[in-house]
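In what follows, every chain begins at residue 1, and chains take the letters A, B, ... in the order their sequences are listed. Reckoned from all heavy atoms, side chains included, excluding hydrogens, waters and symmetry mates.
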Amino acid sequence: MKNFKQIIANKIAEIAELSEQNLITYIEIPKDIKNGDYSFPCFRLAKELKKAPPIIANEIKEKLDEKSNEMPEIEKIEVVGGYLNFFINKDELTKEILQQVTNIETSEKSKVGNGKNIVIDYSSPNIAKPFHIGHLRSTVIGGALYNIYKYLGYNVTGINHLGDYGTQFGKLIEGYKLWGNEYNIEKDPINELTKIYIRINEACKQDEQILENCRNNFKKLEEGDKYCTEIWEKFRSLSLKEFQKVYDLLGSKFDSWNGEAFYSDKMPEIIDILDRTGKLIESQGAKIIDLEDKGINTPCIIEKSNGSTTYATRDLAAILYRARTYDFDKALYLTSYEQTLHFKQVFEVAKLLGIDEKYTKGLEHVSFGMILLPTGKMSTRGGNVIKLEELLNEAITRAKDVIEQKNPELENKEEVAKKVGIGAVIFNDLSASRIKDEVFEWDAILNFQGETGPYLQYTYVRTKSVLEKAEYLPKMEEIDTKKLQDEYSQNIIKLLYNFENTLIQVTEKNEPSILSRYLIELAKAYSSFYNENKIIVEDKDVQNARVYLTYVVGKVLKEGANLLGIEMPEKM
RNA sequence: GGGUCAAUAGCUCAGUUGGAUAGAGCACACGCCUUCUAAGCGUGGGGUCGGGAGUUCGAAUCUCUCUUGGCCCA
């Protein structure tokens with residue numbers, strides 16, 4: 001793929017005797033098409049050359065014009081004010097892009113990641129607790145990043161760092177011991193376990209002995225007691241079965257399910273390492289690392305006064321394990337911004353573990369905003385949670401209603417409703433920047449109009465419909481790209497050119513919404529094109545060109561949506 | 001109190017490392033289906049880019065400060 005920016009920078013560098021590296025960062029893409037495909041603002045050269053920007057622009061243009069035979073890609077250069085505007089030869093550009101998109105599966109994209117190792121820690125729900133809409137963002141954003149890194153040739157490991165450890169299991173075991181036969185946890189594990197959990201908490205408040213038993217259970221669990229371990233494993237596997245229903249709906253996949261419990265025997269080593277650095281100090285009976293000199297005025301607690309470990313210790317053990325096991329270049333943690341301080345502390349303490357700088361530099365907390373209910377924050381104890389399964393099923397039901405209304409003759413309504421409903425939910429979560437909070441409202445999430453998942457799907461379905469009508473796909477070599485020089489086609493061409501670059505931007509910022517916005521732009525551009533241009537026409541050259549453009553747009557829309565975790569129906 | 005993130009149209013949000021006249025969707029009004037899916041397309045109204053100061057040829061974007069709100073703090 002030709003890099004037009006590079007070509008322009010290269011030529012200006014020769015003339016202005018400046019470094020190509022600098023110039024390339026100056027070159028920008030004008031918002032308005034009439035200002036060309038690329039633009040070089042000469043203002044910043046004005047000072048050192050001691051000339052007015054328009055004069056500089058004119059001088060560069062003159063010299064560039066002399067070399068025009070060296071740059072067949074450039075059609076013309078215009079000076080507007082202090083700007084030097086470059087117009088790329090449309091024919092050249094169009095051919096280049098169609099070629100690239102045609103071979104999208106085998107393009108050079110895989111070189112970008114260069115086999116670097118990326119570890120993504122996402123979803124990570126708590127065992128025996130409801131899987132609610134608060135877990136959606138981690139699952140969906142993490143999943144999208146997983147797909148995109150992989151697509152760009154990174155070697156990605158997805159980890160579901162389950163919350164399957166902690167004193168609450170001592171309580172659950174006690175509750176199960178006492179009243180296990182009263183609850184049908186096989187049938188409805190999470191709801192029943194939640195009931196037991198609430199009940200045992202009440203009991204603990206009233207009876208100190210029960211609380212003591214709970215503590216003992218957890219201790220026994222840690223020591224590998226057979227009975228406790230068996231019950232714990234039962235809770236874990238029953239919960240996972242429940243979670244799997246949601247993961248199946250969302251299409252989430254993980255390479256590792258090692259949760260907190262997995263690191264339970266790996267924490268003594270962490271404490272030992274930290275101890276030997278001399279930075280692990282006693283404070284109010286707890287073992288802490290002071291981070292004041294690192295600009296973090298809250299110390300990191302490694303071991304509590306009662307001798308139990310903390311989330312921080314477990315995360316440190318995970319870092320050490322992952323560095324050894326996956327040799328990661330980047331390790332991403334997908335959680336809400338509530339945990340910002342926690343990860344700041346952990347990443348700082350990780351520098352004391354004696355691991356290579358590569359690892360500590362690769363740690364990154366990818367934080368996102370919270371999902372709030374119109375009434376405020378969700379809370380499991382308060383009982384005001386919306387379960388993910390419930391949301392997804394509602395989405396499917398609503399999608400089915402729309403299908404009945406718009407296209408009652410459609411085959412596979414169930415399957416399409418699933419893709420559309422889930423697609424709407426996923427896209428809704430990926431369309432705004434991560435950091436934004438989201439107030440949960442059914443009508444907003446399950447809206448199928450405007451900038452939504454179903455809009456992308458609908459546009460894709462239209463491309464398929466056109467291809468079906470055309471009955472054949474012309475060969476790339478037979479396309480007369482001159483037939484694609486209208487404003488609408490060119491708009492699409494330019495967007496297609498940006499596809500790979502968009503994906504790279506996503507990984508640079510760990511921000512899948514950049515891809516979401518891009519796909520909306522592409523779908524809009526195609527919809528305008530579709531409305532303004534008849535595609536199946538008398539003139540076969542025109543038809544071939546437009547059908548082919550339709551084909552590649554469909555291809556990119558589908559590829560892009562799949563990367564976000566959204567499936568495309570062929571009809572809807 | 002300390003730290004941190006945010007504030008752009010009535011609502012939800014874009015705005016690529018500072019660049020040309022700040023853009024979408026929803027909502028509202030109007031127009032477009034005897035021809036490729038109207039879950040669509042087009043037109044229109046609507047802005048003190050939270051306030052102020054600064055840096056710069058140029059600031060929604062960078063710096064400082066203030067205001068409001070979210071989140072975190074053994």
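For A:Glu28, counting side-chain heavy atoms from C-beta on, the closest listed nucleotide (B:rA39, B:rU16, B:rA20) is B:rA20. Of the candidate nucleotides B:rA39, B:rA38, B:rC73, B:rA39 has the atom nearest to the side chain of A:Phe448. Across B:rU17, B:rG70, B:rA39, the shortest atom-to-atom separation from the side chain of A:Tyr458 is found for B:rA39. Checked against B:rA39, B:rU16, B:rC36, the side chain of A:Pro454 finds its nearest nucleotide in B:rA39. Side chain of A:Val466, nearest nucleotide from B:rC73, B:rG70, B:rC36: B:rC36. Of the candidates B:rG42, B:rG19, B:rG3, the closest approach to any side-chain atom of A:Tyr83 belongs to B:rG19.
Note on ring orientation: taking the six-membered ring where Trp is involved, the planes of A:Phe440 and A:Trp442 are perpendicular (angle over 60°, cut-offs 30° and 60°). Between A:Phe499 and A:Tyr151, the two ring planes are perpendicular [angle over 60°; tilted spans 30° to 60°].
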Letter per nucleotide, 5' to 3', of nucleotides 21-29 of chain B [B base touched, S only sugar-phosphate touched, - untouched; heavy atoms, 4.0 Å]: B--SSS---
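Taken residue by residue, residues 436-444 of chain A places heavy atoms nearer than 4.0 Å to RNA chain B at A:Lys436, A:Asp437.
Secondary-structure annotation of RNA chain B gives the stems B:1-7 with B:67-73, B:10-13 with B:23-26, B:28-32 with B:40-44, B:50-54 with B:62-66, with a stem taken as at least 3 successive Watson-Crick or G-U pairs whose two distances both fall under 3.5 Å.
Distances shorter than 4.0 Å separate none of the side-chain N or O atoms of A:Tyr530 from OP1 or OP2 on B:rC33.
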